[in-house]
Participant: 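Here it is, the structure, as structure tokens.
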Protein chains: 2
Amino acid sequence: MGSDEVNATTSTGARRSRLEPELRARVAKRFLEGEYRFTRNREALVATLAAADRPLTIPEIGVAARTLAVSSIYRNVAMLEALGIVQGVVTASDFAHYELAEDLTEHHHHHLVCSSCGAVEDFVAPAQLEDSVRAAARRVGRKSRFRVERHSVDFIGLCPNCV
Amino acid sequence: MGSDEVNATTSTGARRSRLEPELRARVAKRFLEGEYRFTRNREALVATLAAADRPLTIPEIGVAARTLAVSSIYRNVAMLEALGIVQGVVTASDFAHYELAEDLTEHHHHHLVCSSCGAVEDFVAPAQLEDSVRAAARRVGRKSRFRVERHSVDFIGLCPNCV
DNA sequence: ATTTATGCAAATCGTTTGCAAACCT
DNA sequence: AGGTTTGCAAACGATTTGCATAAAT
């Protein structure tokens, strides 16, 4: 079916970069509140996600933090997600994608999802769209028992590589 | 017009119903164009999805079409997706969810996705939201090489069952 | 009669988990 | 020390696939 290649050498932004102090402090705080340790590996994982300009898969994270065992990446990503530091992005890809939570990045955005290869790109929506989405969310909250926590607006189509 | 439905039917909402003739004809046409056979099992599968008011998982489809082997459901759903009859819905659930394609249902809608249990409900968005989304989609088409085919607006949160 | 669809069971592969050694405070 | 974290390998489970049989045209 889907040839779902994740070429990890594409532009994922900076190489093994350090975490900016301010972000580092905020992440460290959440770790300590959760009574977890802020190890070098975990810092590298967060730094990798912070440096990327799009959600990354576990294999992609593994390339950037190659000292870390794959199983540990899975474990850490799950923990980071529980701590609200990382957020999963669902796509049709074989691999799950992860990105930093928005309250850490201060950068509300949405995704362009390729229906062919599952690749994900970020994009920032016009203010008008955000206003409409928020209004609709409030309305759902009024009309049903579903408690809306956040929203996602995805544009699904074909990325440049898939024509 | 005024009623955007947030139908929360019980977990197994689909009854073994027959396919309405008009829809049946349109689906059958696509099968023949694809040189596939419109078997009783496949008709039952489409009927099950048509009768549901939300995207279903493969196990849920299996309950409604219990004569069909699970592997055949997977195979048929994949084929239906390739034919554009069925559309996958990505959630955090362990199971993929599927629904009839929108050009068959004539019923454009979006989803409330439970972040806890992965359940999915349909909801119809206000016209204003749809206008904003379409405008943003056009803008993406202009500003990038990504070819937008469709969009999805999901509200993620907690369903009534998950408090 | 010939081609396609189905059922069954085995294989696949991303992800999870158990456990002993390595690590942090 | 007393705990947590890590690596390794084995386990897990949703989905896929090979092949012989059944059904459709």
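Just so we're on the same page: letters track the sequence lines, and every chain starts at 1. On a predicted model such as this, the values are computed, not experimentally measured, just so you know.
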Participant: Do His151(B) and His110(B) have their ring centres less than 6.0 Å from each other?
Facilitator: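 Yes; His110(B) has its ring centre under 6.0 Å from that of His151(B).
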Participant: Does Ser72(A) put a side-chain nitrogen or oxygen below 4.0 Å from OP1 or OP2 of dT5(D)?
Facilitator: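 For Ser72(A), the contact criterion (side-chain N or O under 4.0 Å from OP1 or OP2 of dT5(D)) is not met.
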Participant: Does dT5(D) have its OP1 or OP2 closer than 4.0 Å to a side-chain nitrogen or oxygen of Asn76(A)?
Facilitator: no
Participant: Does dT6(D) have OP1 or OP2 sitting under 4.0 Å from an N or O in the side chain of Thr39(A)?
Facilitator: yes
Participant: Find which nucleotide of DNA chain D each of Arg40(A) and Tyr74(B) is nearest to by heavy atoms, and output the residue with the more 5' nucleotide.
Facilitator: Arg40(A)
Participant: Rounded to whole angstroms, how far apart are CD1 on Ile58(A) and P on dT15(C)?
Facilitator: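 Rounded to the whole Å, the gap is 6 Å.
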Participant: Taking the six-membered ring for Trp, are Phe123(B) and Phe146(A) ring centroids under 6.0 Å apart?
Facilitator: no
Participant: Taking N and O atoms by type only, does the side chain of Arg37(B) place a donor or acceptor under 3.5 Å from a partner on the base of dA5(C)?
Facilitator: no
Participant: Do the rings of Phe38(A) and Phe31(A) sit parallel, tilted or perpendicular, given the 30° and 60° boundaries?
Facilitator: tilted
Participant: Could you tell me whether a side-chain N or O of Arg30(A) sits under 3.5 Å from a main-chain N or O of Gly84(A), the two making a donor and an acceptor?
Facilitator: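 Checking the backbone N and O of Gly84(A) against the side chain of Arg30(A), a donor-acceptor pair under 3.5 Å is found.
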Participant: Return the 5'-most residue of the pair Val70(B), Tyr36(A) with respect to DNA chain D, ranking by each residue's nearest nucleotide.
Facilitator: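 Residue closer to the 5' terminus by nearest nucleotide: Tyr36(A).
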Participant: For atom CD of Glu22(B), is the number of surrounding heavy atoms from other residues, nucleotides or ligands below 6.0 Å larger than 12?
Facilitator: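 No, CD of Glu22(B) has 12 or fewer neighbouring heavy atoms, counting only those of other groups under 6.0 Å.
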Participant: Is Ser71(A) close enough to dT16(C) that one of its side-chain N or O atoms is under 4.0 Å from OP1 or OP2 there?
Facilitator: no
Participant: Taking atom P of dA5(C) as reference, at what distance in whole Å does atom CD of Glu43(B) sit?
Facilitator: 15 Å
Participant: dT5(D), OP1 or OP2 - any side-chain N/O from Arg42(A) closer than 4.0 Å?
Facilitator: yes
Participant: In whole Å, what is the span from the CE atom of Met79(B) to the P atom of dT15(D)?
Facilitator: 18 Å
Participant: What's Ala96(A) touching, base or sugar-phosphate or nothing? Going by heavy atoms closer than 4.0 Å.
Facilitator: sugar-phosphate
Participant: Once you apply a heavy-atom cut-off of 4.0 Å, does Leu68(A) come out as touching a base, just sugar-phosphate, or nothing?
Facilitator: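 It contacts sugar-phosphate atoms only.
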Participant: In whole Å, I'd like the distance from the CG atom of Leu32(B) to the C1' atom of dA5(C).
Facilitator: 15 Å
